[in-house]
Amino acid sequence: EEMQKFLLYNSVEPEELPTLRELNTIEICKIWSAISRHIYKQLLQKRAVEIGIGSFAVVPTHATVAEGKVLPIERPMFILNKPVKMFYSLESEEAKIPEETPIVNPDFEAITANTHFRHEIVDHCVQETLLCFAGALRDNKEVEFSFR
């Protein structure tokens, strides 16, 4: 199972991650911005994108506007997988991906078409970044991931 590798009993040291060790910060940011664009396109097409520890999806919710009126809206969210949430004892608002939403994996071929990186580099960069993220969750560190 893909997700198992993100359930860490020990922290991950950067030197254990060969791809991130080879890339500089600008390169890592370029890869993630290509992934971000790819995810955005999928969300526009009403698909959810699963990336190992959870999924990016557009979920229905409500916004309260003037005079307490409630409007149904859709908002993009990152939803952690249940086993990951349980393993790290995390709390987050319950959000469900709508039944009719197809869930896809990132298309690394399509993503690399827009970068000068090889397909494996992009794939490993994602996996290793997620391992760092999982390590931070494990050690209760504050993490900020910003997507446009």
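- A donor-acceptor distance shorter than 3.5 angstrom exists from the side chain of E50 to the backbone of G52, with no hydrogens or angles considered.
- Every residue two or more places apart in sequence or in another chain that forms a side chain to side chain contact (heavy atoms under 4.5 Å, CB included) with D139 is listed here: S11, K141.
- Within the 3.5 Å criterion, the main-chain N or O of W32 finds no donor-acceptor partner in the side chain of S36.
- No more than 12 heavy atoms of other residues, nucleotides or ligands sit less than 6.0 Å from atom NZ of K30.
- No donor-acceptor pair closer than 3.5 Å links the side chain of N81 to the backbone N or O of P83.
- Not a single donor-acceptor pair under 3.5 Å links the side chain of R75 to the backbone N or O of T61.
- Of the possible polar contacts, one joining the T115 side chain to the F117 backbone as a donor-acceptor pair under 3.5 Å is found.
- In N24, the CG atom is crowded: over 12 heavy atoms of neighbouring residues, nucleotides or ligands sit closer than 6.0 Å.
- Cluster annotation: I79 is not connected to F87 through the hydrophobic network of ILVMFWY side chains, with a link wherever side-chain heavy atoms come within less than 4.5 Å.
- E22 pairs by the salt bridge (charged side-chain N to carboxylate O under 4.0 Å, His left out) definition with nothing, not counting sequence neighbours.
- Atom CG of L131 is separated from atom CG of L8 by 6.0 Å, given to the nearest 0.5 angstrom.
- At least one donor-acceptor pair closer than 3.5 Å links the side chain of T129 to the backbone N or O of C125.
- Judged by distance alone, the side chain of H119 and the main-chain N or O of T112 form no donor-acceptor pair under 3.5 Å.
- Without hydrogens or angle criteria, Q45 side chain to Q42 main chain gives no donor-acceptor distance under 3.5 Å.
- Taking CG of L43 as the reference point, atom CZ of F56 lies at 8.5 Å (rounded to 0.5 Å).
- Screening residues 119-130 for salt bridge (Lys or Arg N to Asp or Glu O under 4.0 Å), with sequence neighbours left out, gives R118-E120.
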